[in-house]
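Everything on this sheet refers to the single structure shown next.
So you know, we letter chains A, B, ... as the sequences are listed, proteins then strands, and number each from 1.
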Amino acid sequence: MSLSEQEIQRRQALEALRNLGIEPYPAEGFEVTHTAEQILSAFENSPEDFVNVKLAGRIMSKRIMGKAGFADLKDHTDRIQLYFNRDEICPNEDKTLYNEVYKKLLDIGDFIGVEGSVFVTRMGEISIQVRSFTFLSKSLKPLPIVKTDAEGNVYDAFTDPEQRYRQRYVDLVVNPGVKETFLKRSKIISSMRNYFDAHGYIEVETPILQPIPGGAAARPFITHHNALDIPLYLRIANELYLKRLIVGGFDGVYEFAKDFRNEGMDRTHNPEFTVMEIYVAYKDYQWMMAFTEKMLEHVVKEVNNGDTEVPVGDRKINFQAPFKRVAILDAIKEHTGFDIAGMNEQELRDVCKQLGIETDESMGKAKLIDEIFGEKCEPNYIQPTFITDYPVEMSPLCKKHRNDPSLTERFELMVNGKELANAYTELNDPIDQRARFEEQLQLSEKGDDEAMFIDHDFLRALEYGMPPTAGMGIGIDRLTMFLTNKSSIQEVLFFPQMRPEKTKSVPTPADFVKAGVPELWAAAALDAYGSVEEMRKAKDTQIHQKLNGLRKKKKLDIPALSLEDVQGWI
RNA sequence: GACUCGAUAGCUCAGCUGGUAGAGCAUAACACUUUUAAUGUUAGGGUCCUGGGUUCGAGCCCCAGUCGAGUCACCA
């Protein structure tokens, strides 16, 4: 491992601290009495409460002026300025603590604990006059320095998305606002959870490793269980398990679930993502629509200071309930002029052709309709809109429409032209369900690699009887994107999936020494071959000649090699 | 998958008919007792993503690759 100049200096500082008897990584905790936020918000009203404060955090900047100096301390709440005065920190003759430890050995990025009193500087900034400080953890790698001036201009921002996502810890430390996004995400989830709990629904956990990946149309990740010697799949949905629980007598269950889909990645798709699914017995999709819009309105208000309107890109989206409801066939009629109700597969193909939508042989009716809707209608629904009553072919787990058996009781919630939620009156007729699965099997044989598998255990559960049930799933990542106004899913996931980092190990002379090359020759061998592997590929005679050649050329002051020497190394 | 753009110091970026690299911040040293992107002076710091090619000579031109970003397609 080769270290940069600054990394070496920090290791030296680490040593210097230890030589002074200061442990840079102490085992003890540090008692914290205040946070930066508390001090900044309450000091002016009651300064008497802040004559003795202890807080801990990371040093974010340092400014020294002779016998006094400043630093910014960032704790989990905010940043606050520290004032270090030499004679305050070092009341006695020995000024080491100021001159050496504070001035030279304390680096940006270090965690320290400080004790002192709060005051206001001449410049009017609330600061802590430090009486004593304690190293809590030394930082060996320099953080990128992002500076903001009085006008709020940001300098040298740490912006490279690759580095920000790969090293989210750094992103969180130096880029203001990143943490807020994730705090909001957390709040969205807890707000939703509270809403469900208040209705008496039960949060449950269901298997992530599934023998049959059911509940959605998607390509799964496959893995293998050694003891059972069977393939297992990472779940693409948890729907079928939650419905089993309704069969078992739960009235309302929900789960915040990580789902996994082995498909493309882009700024709206990550291989693992979070979906909340909820199932409520004795309800239908009409009820669920009303429940969903009220729930969303509630969540949006909670995370958005009581406002239902949120900015998304250059638009504003209003989550005020009730949302508009449009049947999918009406939507298609409105945006394409075609009435596709009752059309067969061939007729739909013709419509696609006239609309300029590409199709292929593997597409059934469902996919064709989905294409038309996705291509021509979906982008038009900016404000939250329920699209309802999908054709039966598109929804194999959904109950047929009470008024039209060619349709289903399903809705999707479209926001900003994207699907945010999906819900059904759940199919609980086991015979119908079996028939629908069998249609999926035919699609699969036709080449649709996303068609659903038949889950016989799920059918068996339905045969015992499932009460009428409404179910709904909502994409938490997408919801978070809307509510934080981010245009990519990577911004709302702490650790989005990335291609593995290439760790190109740079060979050093030491590697050659380890391989048996004498130290005298290691640098030359590195020069000649670049890596141990390359050298091993060469013949001993070639190595012998090449290295001696190099010795001559570079006038190395070392004895010439014999062939026997070289044979001894490899 | 296609196209476009990018990769140079710890970070943000510059670089020129093709002549072995430069700024700001960060770092180090000195000065300075309340600074505000602190300041002033000085110094150090680089496999210019990788591999080939053209050339007397490549960070720059050509080819191939890696990684990333954006647009589109595919996929939900």
Measure up the A:Phe70 and A:Tyr83 rings against each other and bin them: parallel (under 30°), tilted (30 to 60°), perpendicular (over 60°). tilted
Output the rounded distance in Å from CZ (A:Arg219) to C1' (B:C75). 7 Å
Any donor and acceptor pair, going by atom type alone, linking the side chain of A:Thr425 with main-chain N or O of A:Tyr285 inside 3.5 Å? yes
Lys NZ or Arg CZ of A:Lys74 over A:Phe111 ring: under 6.0 Å, within 45°: no
When you compare B:U36 with B:G45, how far apart are their C1' atoms, in angstrom units rounded to a whole number? 28 Å
Distance below 4.0 Å between A:Lys147 side-chain N/O and B:A38 OP1 or OP2: yes
Over 60° means perpendicular and under 30° means parallel, so tell me whether A:Tyr233 and A:Phe453 are parallel, tilted or perpendicular. tilted
Please determine whether a side-chain nitrogen or oxygen atom of A:Arg267 lies at a distance below 4.0 Å from atom OP1 or OP2 of B:U71. yes
Whole angstrom value for the distance that separates P of B:A43 from CD of A:Gln9: 17 Å
Let's test this: given Watson-Crick or G-U wobble pairing with both distances under 3.5 Å, identify the partner of B:G46. none
Can you tell me the base-pairing partner of B:U20? Count Watson-Crick or G-U wobble geometry only, both distances below 3.5 Å, and say none if there is no partner. none
What contact category does A:Ala217 fall into here, base, sugar-phosphate, or nothing, at under 4.0 angstrom with non-hydrogen atoms? sugar-phosphate
Measure CD/A:Gln497 against C1'/B:G68 and give the value in whole Å, please. 15 Å
With side-chain contact (heavy atoms from CB on, under 4.5 Å) as the test, would you mind laying out the steps for A:Lys138 and A:Asp107 before giving the verdict? CA-CA 8 Å; A:Lys138 183 108 194 88; A:Asp107 287 309; 2.8 Å; yes
On RNA chain B, more 5' by nearest nucleotide between A:Gln490 and A:Gly124 is A:Gly124
Could you check how far CZ of A:Phe221 sits from C1' of B:C75, rounded to whole Å? 13 Å
If I pick the P atom on B:A58 and the same atom on B:U50, what distance separates them, to the nearest angstrom? 14 Å
Give A:Arg261 one of three labels, base, sugar-phosphate or nothing, depending on what nucleic acid heavy atoms sit under 4.0 Å from its own. sugar-phosphate
Paired nucleotide for B:C30 [Watson-Crick or G-U wobble; both distances under 3.5 Å]: B:G40
In whole angstroms, the gap separating C1' of B:C67 from OH of A:Tyr165 amounts to 15 Å
Would you mind building the protein contact string for nucleotides 30-35 of chain B? One character per nucleotide, 5' to 3', B for base within reach (heavy atoms under 4.0 Å), S for sugar-phosphate only, - for untouched. --BBBB
Work out how far the P atom of B:A38 is from that of B:A43, and round it to whole angstrom. 23 Å
In this structure, how many angstroms lie between the P atom of B:A73 and the CD atom of A:Glu263, rounded? 17 Å
For B:G44 and B:A28, measure between their P atoms and round to the nearest Å. 16 Å
Quantified in whole Å, what is the C1' atom distance between nucleotide B:G1 and nucleotide B:G59? 31 Å
Decide whether a cation-pi geometry holds between A:Arg168 and A:Phe495; the criteria are a distance under 6.0 Å from NZ or CZ to the six-membered ring centre and an angle within 45° of the ring axis. no
Minimum heavy-atom distance between A:Arg410 and A:Asn422, given as atom pair plus value: NE-OD1, 3.0 Å
Using modelled atom types and a 3.5 Å cut-off, is there a donor and acceptor pairing between side-chain atoms of A:Glu277 and backbone atoms of A:Ala237? no
Per-nt protein contacts along nucleotides 3-14 of chain B (heavy atom under 4.0 Å; B base, S backbone sugar-phosphate only, - none) come out as -------BSB--
Rounded distance (Å) that lies between atom C1' of B:U27 and atom NZ of A:Lys141: 15 Å
Under 3.5 Å on both distances, the Watson-Crick or G-U partner of B:U35: none
With a non-hydrogen cut-off below 4.0 angstrom, is A:Glu378 in contact with a base, only sugar-phosphate, or nothing? base
Once you apply the 3.5 Å cut-off to both distances, tell me the Watson-Crick or G-U wobble partner of B:G6, or none. B:C67
B:C60 versus B:U20 - spacing of their C1' atoms, nearest Å: 13 Å
B:G53 and B:G18, which share atom name C1', separated by this distance in whole Å: 15 Å
Partner of B:A14 by Watson-Crick or G-U wobble geometry, both contacts under 3.5 Å, or none? none
